[in-house]
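Scroll down for the structure; my scribbles are underneath it.
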Amino acid sequence: MTFTLDEISILCVYSAMAVYAIAFIAYAIDLARRSVAATRAVDEAKVPVAVGASAVGSTEGAARPANRAGAAASVVYGRSPALRVGVAMTVVAWLLHLTADVLRGLAAGRVPWANMYEFALTGTLIITTVFLVVLLLVKQDLRFLGTFVTGLVLVLLGVATVNFYVSVVPLPPALQSVWLVIHVFVASSSVGFFALGFALSVVQLLQSRRESVAETAKAVKQNFLATLPDSITLENLAYRVNIIGFILWTFTLMAGAIWAEKAWGRYWGWDTKEVWTFIIWVIFAGYIHARATRGWRGSRSAWLAIIGFSAVLFNFTVVNLFFKGLHAYSGL
Amino acid sequence: MSPQSDPGAPSRPADHIDSVEGAPDAASDNSVSQPKLGFIGWIRFAWRQLTSMRTALLLLLLLAIAAVPGSLVPQRSSDPNGVVQYFTDNPALAPVLDGFQMFDVYTSAWFSAIYLLLFVSLIGCVIPRTKHHLEALRARPPRTPVRLSRLAGYTERPLPVSAGAVSTGSTSSGADAAIDAAAKQLRQAGYRVERFDARDEASVSAERGYLRETGNLVFHTALLGVLVAVGIGGGFGFAGQRVIVEGQSFVNTLAAYDSFNPGRFFDDTSLKPYRISLEELDAVYETRNQDAIGQAIDFTAHVTVQGQGEQATEETVKVNEPLYTHGTDVYLLGNGYAPTITVRDADGEVVFTDSVPFLPQDANLTSIGVVKVPDGLEEQVGMVGFFYPTQSELASGAYTSSYPDLIFPVLTLNVYQGDLGIDGGEPTSVYTLDPSSMEQLTGGSTGVDSIELKPGETAELPNGLGSVSFDNADPDAAEGDLSQSVPRFASFDIHHDPSQLWVLVFAILILAGLLVSLFVPRRRMWVKAATRPDGRVVLEYAALARGEDPGLEAAVTAFADRHAAGLSAAEPPHDRDSSST
Ligand code: HEM
């Protein structure tokens with residue numbers, strides 16, 4: 001029995017999903033253990049074990065965390081075997097995922113991002129890649145985001161294989177362009193960054209709620225959040241990730257316009273997909289402004305990042321599938 | 001950190017996070033006890049509100065929301081047929097939506113109002129900041145703060161003993177030298193530096209990253225640039241469409257276009273009358289991949305282009321590869337078949353012959369076209385035709401095309417006689433027939449079969465009107481080879497947009513400004529030779545971020561290490577031991 005490249009690619013996708021699932025479970029176990037550790041820390045000591053370091057050198061960094069002593073202080077969590085399993089499995093899944101993607105490209109004889117199935121396959125690969133690279137580069141320990149990242153990737157891959165799969169077909173003339181390579185790849189990369197920024201913003205919101213409760217209450221029921229960085233650190237990290245996403249998105253929009261000029265004879269025509277690309281761009285511009293506006297930094301700007309990423313997901317799913325327009329390349 | 005005591009601070013709207021809360025001109029000051037404002041006062045107040053960060057933010061969010069409806073409802077600009085359809089499907093709702101300009105969202109009054117306000121706000125924001133920035137570019141770094149230990153990344157290094165030991169009453173010469181060295185290193189690292197020696201303590205104050213603010217201003221100004229380029233520049237261009245059948249040509253003049261949309265300031269006489277002839281349109285379809293049989297792989301229009309008094313040149317136009325010629329951009333946006341149809345009267349005289357473009361209806365190029373014969377027959381005759389490049393029959397008996405290339409081409413015609421409705425001077429589309437004052441003679445409910453022709457065949461028209469032929473464009477081909485029997489047409493879009501280049505330039509500036517303003521750190525750094533109460537001299541290092549600067553502390557440490565290393569390298573080796581405390 002022989003397999004075609006595409007069939008091997010699909011086998012790799014399924015294997016990657018299985019390993020992502022193991023990673024997801026490992027990360028989830030780690031979160032559960034964090035809650036236990038946090039509760040124990042409170043019971044045993046009644047005194048916070050350590051105060052989370054923050055102040056990532058923002059102009060404001062020094063001013064805010066000072067009032068965050070007491071119940072909100074973070075708990076030293078220590079080593080976690082579950083976390084290490086999670087990361088190791090993520091790397092294994094990533095390798096399988098990468099293989100799947102490369103094989104799909106080889107099977108098609110072109111870049112593997114020309115229809116919904118392939119966007120999803122490559123896009124999720126980039127999300128994992130960005131996550132692993134950020135783990136390597138950022139000083140803070142962000143492995144706790146693994147639950148979100150592997151969960152998201154797993155869901156998207158599941159939907160892609162079940163609902164979006166199409167066999168390899170040649171590129172229609174409109175897609176035969178270097179801009180397919182550039183525009184779509186950069187768009188997918190920026191989604192990778194926005195996804196991580198989204199996760200950080202969500203945790204930031206949870207964390208800042210915990211912190212504000214802690215400021216007024218004496219005793220707070222501790223959960224896993226106590227072992228994570230404080231909300232300001234999370235906010236700064238989210239910002240750094242999101243502005244990279246924003247720059248890539250700006251480039252995506254411009255590259256798209258250049259391509260549209262070549263393929264359709266106009267660089268901008270308010271086609272549905274263009275409209276949503278623009279909307280997302282404006283939301284994140286709003287997010288960056290909110291960070292710099294008094295009264296909007298913190299939770300409000302975090303909400304904008306969350307809305308922004310939701311719009312990205314909406315753009316990829318609902319707009320691709322249900323809205324009419326020139327960008328009818330889902331292949332479905 | 002207060003901007004007021006800080007001439008180098010970029011001028012920000014009052015509610016910017018780096019501005020001082022409660023500053024006299026805080027735009028957010030809406031307390032009840034506001035003093036009565038005169039007219040000028042009100043204007044200034046309104047202007048401050050409009051140019052505040054909060055307003056910019058709200059307008060941005062409004063813009064995002066206002067853009068949404070245009071993706072839910074078809075737009076006249078991008079999908080005019082969709083709008084017509086929408087009116088048919090929702091006869092009650094559509095006029096209401098139309099009243100709110102929902103079918104022209106991006107040119108609507110409310111959408112324009114939002115972005116124009118945003119841009120007014122932008123101008124109001126950028127001008128003072130630019131002024132301020134130009135001043136800041138010439139300003140010197142500020143005085144070294146008295147206590148560095150409170151600032152970011154504060155770190156100390158011992159002054160090598162041999163240098164610091166000899167105190168000469170005022171600043172020690174060793175400390176002086178160390179600070180000089182620091183100033184030199186900072187300058188090399190791109191800082192603007194200033195020596196400050198106060199209270200017997202030598203220090204250097206340095207600032208870098210003015211480019212950050214420059215980038216931000218370039219970014220915002222380039223946004224304006226794009227708007228202006230699109231708004232004004234677009235008015236000088238035009239966009240026209242023209243269908244050309246193989247073997248035919250088109251001269252770039254106003255009358256030759258099938259449709260033509262000039263910009264507001266466009267001058268017809270500026271059209272250069274060059275000629276484009278379509279020699280051949282190559283269409284390639286997938287034949288091997290079972291999952292994609294018949295899918296289009298390539299369309300290439302082979303054309304010759306000839307300007308007045310010029311040699312003709314051979315060119316190609318493809319999807320994604322427009323032809324740039326004579327100041328216009330020529331795009332291949334569609335193609336299809338143009339069966340050659342000849343109509344003769346009862347005496348056999350030709351009254352009509354032409355290759356008529358049929359509009360494709362599906363991926364296998366089932367196409368519809370219309371033939372109008374206004375003169376030469378006893379009555380005006382119209383025909384609505386279906387063309388199937390590879391005809392096959394559905395279970396229902398209806399015809400369809402099963403492959404887009406010419407394997408078994410069939411043309412069917414429904415004939416109408418009566419008034420074509422083209423004599424009244426009203427412009428009518430060549431692609432539609434208005435049958436309201438005509439009588440149908442074949443097909444449909446007439447009980448007479450539609451006329452059905454293969455290339456080279458002729459059929460009688462009903463009522464002895466005459467005959468109609470479907471000419472074979474390649475009669476000499478081998479028996480059964482019909483691949484060239486029907487000419488193809490290409491539909492070209494021809495554009496001229498003088499602002500396009502400007503839009504691109506501003507877009508590049510936007511991207512460059514953005515990169516610079518988000519990634520160039522703006523920071524101050526200080527190095528001070530501080531004398532401790534015990535007389536020891538210590539080198540203090542600290543920095544201050546101006547805006548987002550995650551690498552600040554690492555930068556201070558790195559600089560301190562480098563500086564200290566430079567100092568001790570300059571020391572004779574035997575002194576190293578005694579310098580450690
Ligand atoms: C057309 C609408 C606008 C867009 C798309 C936009 C977009 C952006 C973006 C992407 C940034 C971050 C990049 C950078 O720092 O250069 C930014 C920063 C900034 N914008 Fe805008 N902007 C707009 C209008 C305005 C207006 C009207 C104001 C004035 C009220 C303004 C004031 C600022 C300021 C002060 C910053 C710096 C923020 C900081 O300190 O980090 N912007 N803008």
Could you tell me if the side chain of W264(A) sits less than 4.5 Å from the side chain of D493(B), heavy atoms only? no

At what distance, to the nearest 0.5 angstrom, does OG of S78(B) lie from CZ of R266(A)? 8.0 Å

Taking all heavy atoms of L518(B) and all of Y239(A), pick out the closest pair and write down the distance. CD2-OH, 3.9 Å

Give, as side chain, backbone, both or neither, the part of D329(B) having an atom under 4.5 angstrom from any heavy atom of chain A. side chain

Against chain A, label L58(B) side chain, backbone, both or neither, depending on which of its atoms sit under 4.5 Å from a heavy atom there. side chain

Separation of W296(A) CH2 from R54(B) CZ (nearest 0.5 Å): 9.0 Å

Can any side-chain N or O of Q295(B) pair as donor or acceptor with the backbone N or O of P170(A) at less than 3.5 Å? yes

Can you tell which part of L237(A) gets under 4.5 Å to a heavy atom of chain B, answering side chain, backbone, both or neither? neither

Inter-residue atom distance L60(B).CG - W281(A).CH2, 0.5 Å rounding: 8.0 Å

First locate atom CZ of F246(A), then atom CG of L514(B), and finally report the distance between them rounded to the nearest 0.5 Å. 5.5 Å

Select one option (side chain, backbone, both, neither) describing which atoms of F251(A) are under 4.5 Å from chain B's heavy atoms. both

Measure up the F111(B) and W270(A) rings against each other and bin them: parallel (under 30°), tilted (30 to 60°), perpendicular (over 60°). perpendicular

Please enumerate all residues that pass side-chain contact (heavy atoms from CB on, under 4.5 Å) together with P74(B), with sequence neighbours excluded. D79(B), V83(B), Y86(B)

Is the closest side-chain heavy-atom distance between W268(A) and V503(B) below 4.5 Å? no

Structural part of L323(B) lying under 4.5 Å from a heavy atom of chain A: neither

I'd like to check M254(A) versus I508(B) (side-chain heavy atoms, cut-off strictly below 4.5 Å). Are they in contact? no

Under a 4.5 Å cut-off applied to non-hydrogen side-chain atoms, are L504(B) and I258(A) in contact? yes

Who passes ring pair (Phe, Tyr, Trp, His ring centres under 6.0 Å) against F309(A), sequence neighbours left out? F198(A)

Check each atom of L171(A) against the heavy atoms of chain B and say whether the ones under 4.5 Å are side chain, backbone, both or neither. backbone

Residue from G70(B), A66(B), A296(B) scoring the most non-hydrogen pairs under 4.5 Å with chain A is A296(B)

Where on W179(A) is there a heavy atom nearer than 4.5 Å to chain B: the side chain, the backbone, both, or neither? neither

How close do I279(A) and V68(B) get, counting heavy atoms only, and between which atoms? CD1-CG2, 3.6 Å

Given a strict heavy-atom distance threshold of 4.5 Å, which part of Y324(B) is in contact with chain A: side chain, backbone, both, or neither? side chain

Residues of residues 106-113 of chain A with a heavy atom under 4.5 Å from any heavy atom of chain B, in residue-number order, are none

So, does Q176(A) use its side chain to make a donor-acceptor pair with the main chain of I297(B) at under 3.5 Å? yes

Would you mind telling me which of E321(B), Q75(B), Q290(B), H495(B) has the largest number of heavy-atom pairs within less than 4.5 Å of chain A? H495(B)

To the nearest 0.5 Å, atom CZ of F219(B) lies from atom OG1 of T250(A) at 6.5 Å

Between G286(A) and L57(B), what is the shortest heavy-atom contact and its length? O-CD1, 3.1 Å

Looking at every non-hydrogen atom in both residues, tell me the closest pair between S71(B) and V275(A) and how far apart they are. CB-CG1, 4.0 Å

N/O donor-acceptor pair under 3.5 Å between N289(B) side chain and V168(A) backbone: yes

Contacts of type side-chain contact (heavy atoms from CB on, under 4.5 Å), residue T51(B), not counting sequence neighbours: W47(B)

Should we say atom CZ of F185(A) is surrounded by more than 12 heavy atoms from elsewhere, each under 6.0 Å from it? no

Main-chain N/O of P173(A) paired with N320(B) side-chain donor or acceptor, under 3.5 Å: yes

If I take atom CD from residue E261(A) and atom CD from residue Q500(B), how far apart are they, to the nearest 0.5 angstrom? 4.5 Å

Could you have a look at I288(A), L253(A), L304(A), V282(A) and say which one has the most heavy-atom pairs with chain B under 4.5 angstrom? V282(A)

Flag, side chain of H16(B) to backbone of R294(A), donor-acceptor distance under 3.5 Å: no

